[in-house]
2 protein chains.
Amino acid sequence: MTGLNESITADDVARAAGVSRWTVNRAFKKDASISPKTREKVMRAAEELGYVPDLRAAALASDRSNLVALLIDDFTNPHKLVMLERLTRALRSRGWDTLLVNTLNREDTGPALLNASQRRVDATILIGIQFDDSVLAAAHSARRFKKLIIFARTSENPNTISIAVDDAAATKEIAEYVMTRGYRRPLYLAGPRTVSAHLMRKETFQEFWQTHFNVTPDTISVEAYDPALAGQTLTEELSGREREAYPDIIVCENDALAIGCIDVLRHHFDLQVPRDIAVIGFDDVPQAGSPNYRLTTYRQPLTEMANYLVDVLESDETTKLDKKFLGHLVTRESA
Amino acid sequence: MTGLNESITADDVARAAGVSRWTVNRAFKKDASISPKTREKVMRAAEELGYVPDLRAAALASDRSNLVALLIDDFTNPHKLVMLERLTRALRSRGWDTLLVNTLNREDTGPALLNASQRRVDATILIGIQFDDSVLAAAHSARRFKKLIIFARTSENPNTISIAVDDAAATKEIAEYVMTRGYRRPLYLAGPRTVSAHLMRKETFQEFWQTHFNVTPDTISVEAYDPALAGQTLTEELSGREREAYPDIIVCENDALAIGCIDVLRHHFDLQVPRDIAVIGFDDVPQAGSPNYRLTTYRQPLTEMANYLVDVLESDETTKLDKKFLGHLVTRESA
DNA sequence: CCCCAATTTGCACGCGCGTGCAAATATTTC
DNA sequence: GAAATATTTGCACGCGCGTGCAAATTGGGG
C-alpha cells in the first residue's frame, strides 16, 4: 500500500515473497516461464510494497528501451496535433513510450538527434520539416540510430524508413478533381521549398496540368505551414493582380495553408469561397470540417500509418520497410 | 567519424585517449574537475569514435534522469499544441527531456502514471483534463513521484505543485469587461464538469454577476473542449429558445469552445458576431487572432509559466512551490 | 631545487535488471 | 511407483556510468 523507503527493488519483493530476485522480475514479464501461483504470490508482495520494475535498468541490461524519439518542429500546423495523438496512441497501446523532442530551430536538428541517441532510443521518428538529407546522412553514418523513420513524408535517403501517403497518387486525384469540376486557372500554394521538395506534390500537380492543358499553373510558396503566413503571402500575390487575373481555385499543399487562404479571401478581399475562388487543401484537419471552412481536402490514413509504424518497430527486417499509403479525397463545399 | 562497432563505451574512448574511463565521463560533464587539455584530448578521441555518453546508465547510477513525463489527453483543444511547444521548448533548452504520455481515456490515467513511474522520471506533469484527485492521491501515496506538477490548472491536492494562471483574477477581468461593455444577458459556456471544478472560472463569473446584478447567469457545459461539440451544445441550447431570449454574449471557458460557438452562430443561426451575439474566450490560441475570428480572449503567460516549471524542477524546495500567474485580456472584435 | 597547497586523475563499489544455462521440482507415462 | 520428460527456479556475470575519496601530479614561493 504505502512505501516508506525511497525505492523498492526486486530484491525487497523477493525477500517478502520468499523467492529469488529473478523470479520476481519474471513475474512481471509477459510470457515468462513461471508458474501461476508463484506469479500471484510475487505480484501480491509487489503490490504490498508498491514495487514496479525499473525500466531504466531493464533498458540498460537488455539494450532495448521500448522508447522512441519523436522529433517535431512544425507547431504552427494544427495537423501536427492530430499526428501526435495518433502516433502516441498507437505507440502506447502497444507498449512503446515516446520521447518528444522539440527541434527548436533549423540548427537544432543535429543536437536534437544527438539528444535522442544519448537516450539510446530504439528508433527515431521525424515528423518535422526542417531536417535535410545531409543531417540524416550524418546521423546515420555515426551509426547511432537503430531505426530512422520519416513519418508522413517521403525521403530519398536509403538509410531511412519512410512511412507516408502516396503523394503522387493523392495529388493526381486532387488535380483530376480540380479539372473535372471545371476549374481552369489554378494557383498552387506550396509550403517551404525544402519541404515541398520532399513531398513532390507541387511538381506532380504542375506536371498534370502541363500534360492536360499545356500550361504550367502559377505557383507560390509560403515559408512555413502557418495559416497566418499563408494568408499574408496570398494577399501579397493577389494584390499585385487585376481582378480578372485572379485564379479560380487555390490548390494548397495542406490545410494549414488552405485555412489561411480562406480567411483572407473572405475578410481581406471580400470574396466568397467557392463562388469567387475555390480552395482545396490536404490533411483534413479537424477545422476543415467545421461549418466555417467546409474544406475539400485529402485525408491520410493516419491511424493505419501509425500502426504500420509500430509494426516496423517490432520487425527485424532492415530493408524494404518503406511504405506508401492511399488516402481519399473528402469533398466538402470549398471546391 | 564512422563507428563500426555497435556501441562505443567510455572505456573505448579511455583506451584511445590514454586516460581512465572516469576521466572520459568527466570530460563530458559541465563543471567537472578536469584540465582543459585532457578534456580536449578526450573529446577528440570521442569524436573520432563517435562516442556519446549513455544517459540510461547515467540515470541509473545517479538516480536522476533529467526526464519528465508529460501526461496529456485533450487533443481536440488546439491550445494543447501551443502548450506542448512552450513546455518542450523551455524544458529542452534547459537540458530536460520530455516523455509524452497520451492518456488514452479516463481509465487510463492510472496506467499512464504507472508508465511514467517505471521510467523513473524526475517529475510528472499533468496538462490533461481527465485526472481527478483520487488518482493523484493514489499516485502520491505509492510514493512513486518525486514531483507531481499540475500545469495550467489549479489543484487542491497538497502533494501536488500547481502552476497556473490566476483564474479568479482573470475571470474577474473578463466579467468586468463584459459588464463595462454593456452586455447584460451573458450565457456562460463551461467545459466538462470535472475540469471546470478545477478552474473555478464558472463559479467566479457567476458570483461576480450575482454580486453586481443579483441574478445568476445561464450556464451550460460541454462534455469536452472540442469546438464541434461546443457548437452542437450551443445549437441545442439556443434552438429551445425564442429569439428574444438569446444571450447578448457567450462567455466561454476557453477558445476551443468560443470558436465552436462563433462557427454555429454564423453558419447555423445566421447571426453576426458581435452585432447579434458577442463571444469571448480564454487562452488566445493562434486561430483567435485570425481575421475570421478576431476573438477577444485572455492570454496566459505560457512562456513564463513554462520557465517557472523548469525552475521548480531544478529547485530543492518541496513546499510552497505553487504559483499563480497573471495574464492579460486581448481585446479584439468578437466582444 | 625543495616543500606545501591546489589541482587533477584513478578506482572500488553500486545502480536494478537481463541472459543463458544448470539445478531443482513437478508432471506424465506405462 | 519408478523412470523419463516437462516445467519452474536460481545464479554468475554484465549493461555503462556516478559517487566519494585517495593517490598522483602540477605550480609557486623561498
Side-chain angles (χ1 to χ4, degrees), chain A residues 3 5-43 45-46 49-67 95 117-122 144 146, chain B residues 3 5-43 45-46 49-67 95 117-122 144 146:
Chain A
N5 334 26
E6 272 305 336
S7 69
I8 297 99
T9 133
D11 278 307
D12 303 323
V13 179
R15 215 167 300 125
V19 297
S20 74
R21 202 251 308 155
W22 293 271
T23 301
V24 172
N25 291 337
R26 247 187 224 110
F28 279 89
K29 200 169 308 177
K30 208 50 189 162
D31 17 50
S33 148
I34 188 174
S35 77
K37 78 169 178 286
T38 312
R39 169 172 271 153
E40 195 184 341
K41 185 172 57 178
V42 170
M43 292 312 244
L49 297 172
Y51 167 82
V52 284
D54 184 332
L55 258 40
R56 293 174 308 183
L60 182 60
S62 70
D63 201 38
R64 187 149 187 292
S65 61
N66 264 277
L67 183 67
S117 82
Q118 292 197 227
R119 294 275 175 198
R120 302 295 193 264
V121 296
D122 289 338
R144 281 202 295 258
K146 310 192 185 163
Chain B
N5 335 25
E6 272 306 335
S7 69
I8 298 99
T9 133
D11 278 307
D12 302 324
V13 179
R15 215 167 301 126
V19 297
S20 74
R21 202 254 303 157
W22 293 270
T23 301
V24 173
N25 291 337
R26 246 186 227 108
F28 279 89
K29 201 171 306 178
K30 208 50 187 163
D31 15 51
S33 148
I34 187 174
S35 78
K37 78 168 178 289
T38 313
R39 168 172 270 152
E40 196 184 340
K41 184 172 57 178
V42 169
M43 292 312 244
L49 297 172
Y51 167 81
V52 284
D54 184 333
L55 259 39
R56 294 173 309 182
L60 182 60
S62 70
D63 202 37
R64 188 152 185 291
S65 61
N66 264 278
L67 184 68
S117 80
Q118 292 197 226
R119 295 273 176 199
R120 302 293 193 264
V121 296
D122 289 338
R144 282 201 295 257
K146 309 191 184 163

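Letters go in sequence order (proteins before strands), and every chain restarts at 1. Since we're looking at a predicted model, the values are computed, not measured.
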Can a donor-acceptor pair be found, under 3.5 Å and without considering hydrogens, that links the side chain of [X] to the backbone of [Y]?
X         : Y        : value
Ser62(B)  : Ala58(B) : yes
Asp11(B)  : Arg21(B) : no
Asp122(A) : Asn66(A) : yes
Asn25(A)  : Trp22(A) : no

Whole Å only: how far is the [atom1] atom of [X] from the [atom2] atom of [N]?
X         : N       : atom1 : atom2 : value
Asp54(B)  : dG18(D) : CG    : P     : 9 Å
Asp11(B)  : dC17(D) : CG    : P     : 8 Å
Ile34(B)  : dT25(D) : CD1   : C1'   : 14 Å
Leu49(B)  : dG16(D) : CG    : P     : 14 Å
Arg56(A)  : dC17(D) : CZ    : C1'   : 12 Å
Phe28(B)  : dG16(D) : CZ    : C1'   : 13 Å
Arg120(B) : dG16(C) : CZ    : P     : 8 Å
Arg119(B) : dC15(C) : CZ    : P     : 21 Å

Below the 4.0 Å mark, does [N] have OP1 or OP2 next to a side-chain nitrogen or oxygen of [X]?
X        : N       : result
Thr9(A)  : dC17(C) : yes
Asn25(A) : dG18(C) : yes
Thr38(B) : dT8(C)  : no

Pair of N/O donor and acceptor under 3.5 Å linking [N] base with [X] side chain:
X        : N       : answer
Arg21(B) : dG18(D) : yes
Trp22(B) : dT8(C)  : no
Arg26(A) : dG10(D) : yes

Among [options], find the nucleotide with the atom closest to the side chain of [X].
X        : options                   : answer
Ala10(B) : dG14(D), dT8(C), dC17(D)  : dC17(D)
Ser20(A) : dG16(D), dG10(D), dC17(D) : dG10(D)
Thr23(B) : dC17(D), dG16(C), dT9(C)  : dT9(C)
Lys29(B) : dG18(D), dC17(D), dT9(D)  : dG18(D)
Ser35(B) : dG16(D), dT8(C), dG18(C)  : dT8(C)
Ala57(A) : dT8(C), dG16(C), dG16(D)  : dG16(C)

* Structure fact -> CD (Glu40(A)) and OG (Ser35(A)) are apart, to the nearest 0.5 Å, by 10.0 Å
* Residues Asp63(A) and Arg56(B) bridged, charged N to O under 4.0 Å -> yes
* To do: Name the nucleic acid region contacted by Leu60(B), choosing base, sugar-phosphate or nothing; use a 4.0 angstrom heavy-atom cut-off, strictly under.
  =>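 Counting heavy atoms under 4.0 Å across all strands, the contact made by Leu60(B) includes a base.
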